[in-house]
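To keep things clear, I will list the structure first and then write my remarks on it.
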Amino acid sequence: MQVDITKDLISSIISFPNLSDLSNSESDFDNDIQILLDWLHPHVPSSFIKRSDDGTPTAPLLSKFPEPLQRVKSAIRGCLKEEKNQLQFINLYINTINIKLLDYFSALTNLSFLEYIDVIKILLHYYNSQFEYLNVTDNVFKIFSRKLSFIISSNLLDRTTFKSTMNQFFEESLFMKATLSNPMSTNALNLIDVISTLVSINMSTLLNEIVIKLSVEKIKRHTLSLSTGIWDKPLLGPLNSLIQDEIYPNFYIVISYTTSSTLTDTMNNFYLYELVKIAHDELVSLRIKEIYSMILNYPNSQIALNELHYCLLKNKFNHQDYGISTNLLSYVTDLSVNSQAVQRTNLVERFIDYCNKNLLHAGANTIDVITTYAKTIRSFLIVDPKGVLLDKVVRPIRKYLKTREDIIIKLVRGLLDNSPDNDLIELAQELRSPSKYRSKSSHSKDILEDSLDLNWVPDPVDALPDFKNGKVSDIIESLISIFDSKEIFIDEFTRLFGEQLINLKNYDVEEIECNLNLLKARFGKQNFTTLDIMIRDIRESRSLNELLGGRDAVFNTSVLSHLYWPTVLDNIDPEQHNFKIPDEVEKKFQDFKAKFAQEKHGRTLKFVPSLGTVRLQLEFKNHTKEFNVSPDKAAIISLFNDQENELSVSHIAQALSMSEYMVSKGLAYWVKEGVLMELTKTLYIVNDDDEEDEIIQQEAEADLLTNFTPSDNNPTAQSSAKFSEISVVEPYLFTMLQNITLLSFQRIKTLLNLMVPKDKLDLTKISDNLLEEYLDSLVEESKIHIRHGNYSLHN
């Protein structure tokens, strides 16, 4: 659409003179102006480019601007002789173009991004072709080009579709591997054409922002998809390859066109380094979120921990040393996630937070806390070999472990148990590893070597005030150092070894002595003098038994020096210490004691019956069972020599001078083993169910039944009157028959005497005939059964 340029129209838009202001006079100069205006008319291109669905133009993209006639060329020479006139003309003309382009761009609807690029090309070609004939100076042309670029870019950016389609275009075409293998591929050429067109209208800044944003988003997305939860294989190599092969080639194309200065190899390396650093920073952020799970999965997460160490310690690129100072630099470096110090701080804070939530609470198992502590040490020494981060993260765990009451026992037993079932087997293996032992002299030697090392560096600036390099690198030493003194460990070691020595069956102290030597290497020989004497006592006990006991396989003694077994002897409850032992054992001890006094010139022995073990072989009616038990349990079961006997807790306690509590614990053990049967809470009997089950089975096979002939009278009515007093024993009888399958009449009578309270019925006043008649009445009522004179419940 043609629009006449008038003074009023121009003034309403911009308060500067325009070309129409010069066309009112009739002078030759005015005629030249009018001719020039007519040639420039309509001031904007009259057609637009249309493309088909595949993006190819449906009409010629660019047409040649018509060459001016000689009169027009004469008018141009007359009007634009001097640079001053040229500048005045340019200012007027650019104002007019600004107004015309507003309408021009308003008519552009539903264009694709490549069609917008075509529009830019048409406009630039149109005005550049004009200026080929205007013969203006280079300076004037530069001014015009700069202003024209601003007008075009401003109009484009005012259109919401332009920037969105621009983002979409670069997102789809920026990252293609073909660009690296063949830089002159169709995609690369198309990309170069688009970039050069945008740069020609001074859109370098916007182009940089879009390309960098898309590159960073691509890097972050790929880093998360490639790395999340993957800790057992290298990932930095694939990440670096993605950046170098897919992202940086086109990124480099953009930079090479948008950067005013020539890119040197150093600058290229820097930009590539910054993109790689973004990937590494994203990986660090991910690993910070996953750090607790990575620690728990150690050693399967070692590769990821090593890569985290590398990313945290990568060198900084000092761009000032290489003269790199571009606008692009600020875009790239501002997108780097965090500084190394911030990353290290976040790592520590996140891990401590996870520990507080998941580990350091009353519901956690002490073993789990110890194993996590050990994994934390090994893991963080990979991430930060200097140990600064480790020193920070273990402090809360150490503080919590100190509050656990069972920590000493768990650690001591874990260190000494080298079996696969040990949950702390790694500590036991470390104790047995020769490379872990470091004497004080070797430690002093290391300090001397550090002082002479020309490459020595001080502790990191973020180290805590009491940090000492290497202080937490030794897991066992680190665990022990939680406590103010090693004495509590020495005491627990002594107590545990003492228990093992007491329970030895063949006086073989080799394994215990081997473990003791490991502890001496770790804690120092001087701390285990007591244990040396305890082991010596066991060795001497073997000789004494062979000398004084005559190789008696039934009675083996351990002679203990009472001053050096405090951790064992002091833990014995006095109430459980002086119970009565079987006469056979007492006699053997007295014989041994007499021989010992003679051999040791008057020295005497005190028997400690609660220590040691007893090997028993219990004989039942048709089978035997063997047990290794403590002396108190052996003494309790020795009272049940007669399988027909029922013994009460109070009777056993009185017979053995033992507390009823200790008796109850011993009886509970034998009930659990199936040797005894609990008749009541306080009454026990030998359990011989195997034989009784066999009897029942044999009788069932023979199908032998005792027949009773009922009387003509009503048995129920008769029994109700006759047995009204004795019927109170019925529930007690059923209880006995439930626990003991078969009972004779005499045993039923004996048990009822023990079980039925006197205030309910005094069975001593009930005749045997009446009791037997009552039992027969229960048989007639089918409440119980009788075979071969033994009563039982119906199956």
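Count residues from 1 along the sequence.
Closest of all the heavy-atom pairs between Q343 and D281 is NE2-OD1, 2.9 Å. Annotation for A428 and G414: closest pair CB-O, 3.4 Å, computed over non-hydrogen atoms. In plain terms, the two heavy atoms of A635 and S638 that are nearest each other are O-OG, 2.5 Å. Nearest heavy atoms, A364 versus V369: CB-CG2, 4.0 Å. Residues V348 and K392 approach most closely at CG1-CB, 3.9 Å, considering heavy atoms. Among all heavy-atom pairs drawn from L239 and L283, the shortest one is CD1-CD2, 4.4 Å.
Side-chain atoms of F380 and V388, non-hydrogen and from C-beta on, never get closer than 4.5 Å to each other. For the pair H280 and N240, the minimum side-chain heavy-atom distance is below 4.5 Å. I502 places a side-chain heavy atom less than 4.5 Å from the side chain of L560. Contact of the F596 side chain with the L547 side chain is not registered, since no non-hydrogen atoms from C-beta on lie closer than 4.5 Å. Within the 4.5 Å cutoff, no side-chain heavy atoms of E282 are placed close to those of I219.
Legend: side chain to side chain donor-acceptor pair (under 3.5 Å) pairs involving residues 292-313, not counting sequence neighbours: none detected. Sorted by first and then second residue, the ring pair (Phe, Tyr, Trp, His ring centres under 6.0 Å) pairs with a member in residues 384-433 form an empty list; sequence neighbours excluded.
Listed by chain and number, the residues in a ring pair (Phe, Tyr, Trp, His ring centres under 6.0 Å) with F528 amount to none (sequence neighbours excluded). Residues passing the side-chain contact (heavy atoms from CB on, under 4.5 Å) test with K289, sequence neighbours excluded: R350. The side-chain contact (heavy atoms from CB on, under 4.5 Å) test applied to S419 returns D417, D421, N422, not counting sequence neighbours. With sequence neighbours excluded, no residue satisfies ring pair (Phe, Tyr, Trp, His ring centres under 6.0 Å) with Y684. For I482, the side-chain contact (heavy atoms from CB on, under 4.5 Å) criterion is met by R398, L401, K402, L479, not counting sequence neighbours. Residues meeting the side-chain contact (heavy atoms from CB on, under 4.5 Å) test with A374, sequence neighbours left out: R378, I475. Residues meeting the salt bridge (Lys or Arg N to Asp or Glu O under 4.0 Å) test with K520, sequence neighbours left out: D532. Partners of D368 under the side-chain hydrogen bond (donor to acceptor under 3.5 Å, both in side chains) rule, at least two apart in sequence or in another chain, do not exist in this structure. Under the salt bridge (Lys or Arg N to Asp or Glu O under 4.0 Å) criterion, R413 pairs with E499, sequence neighbours left out.
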**Q.** Chi angles and distances behind the side-chain contact (heavy atoms from CB on, under 4.5 Å) call for I278, I243
**A.** CA-CA 10 Å; I278 290 171; I243 296 170; over 6 Å; no
Q: Evaluate side-chain contact (heavy atoms from CB on, under 4.5 Å) for V675 paired with F627, printing each intermediate quantity in order.
A: CA-CA 11 Å; V675 175; F627 298 91; 3.6 Å; yes
Q: Check the pair N418 / N515 against side-chain contact (heavy atoms from CB on, under 4.5 Å), numbers first and verdict last.
A: CA-CA 10 Å; N418 200 30; N515 286 334; over 6 Å; no
**Q.** From CA spacing to verdict: side-chain hydrogen bond (donor to acceptor under 3.5 Å, both in side chains), S478, Y373
**A.** CA-CA 10 Å; S478 179; Y373 181 80; 2.3 Å; yes
Q.
Between D632 and K665, does the salt bridge (charged side-chain N to carboxylate O under 4.0 Å, His left out) criterion hold? Intermediate values first, please.
A. CA-CA 10 Å; D632 59 302; K665 287 180 62 178; over 6 Å; no
Q. Passes side-chain contact (heavy atoms from CB on, under 4.5 Å), N628 versus V614? Steps please.
A. CA-CA 6 Å; N628 284 310; V614 178; over 6 Å; no
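Under 3.5 Å, the side chains of R522 and N527 contain no donor-acceptor pair of N or O atoms. Defined by atom type and a distance below 3.5 Å, a donor-acceptor pair is present between the side-chain atoms of D537 and W565.
Counted within 6.0 Å of CD on E511, heavy atoms from surrounding residues, nucleotides or ligands total 12 or fewer; the atom is thus considered open. With a 6.0 Å radius and a threshold of 12 heavy atoms from other residues, nucleotides or ligands, E405 has its CD atom at or below the threshold.
Classification of the F493-F489 ring pair by plane angle, with boundaries at 30° and 60°, yields tilted.
K606 NZ to F589 CZ: the interatomic distance, rounded to the nearest 0.5 Å, is 10.5 Å. Here CG of L411 is found 8.0 Å from CD1 of I480. Values are rounded to the nearest 0.5 Å. For the atom pair L516 CG and K525 NZ, the distance stands at 10.5 Å (nearest 0.5 Å). Rounding to the nearest 0.5 angstrom, the gap separating the NZ atom in K600 from the CG atom in L605 is 10.0 Å. F579 CZ to S659 OG: the interatomic distance, rounded to the nearest 0.5 Å, is 10.5 Å.
Contact check on R495 versus D491 returns no salt bridge, with no Lys/Arg side-chain nitrogen under 4.0 Å from an Asp/Glu carboxylate oxygen.
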Listing, residues 227-236 side-chain donor-acceptor contacts under 3.5 Å, not counting sequence neighbours, or none:
unit_1: S227; atom_1: OG; unit_2: T223; atom_2: O; d: 2.9
unit_1: T228; atom_1: OG1; unit_2: L224; atom_2: O; d: 2.6
unit_1: W231; atom_1: NE1; unit_2: E290; atom_2: OE1; d: 3.0

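Among the candidates L496, L427, L424, the single residue satisfying the side-chain contact (heavy atoms from CB on, under 4.5 Å) test with L416 is L496.
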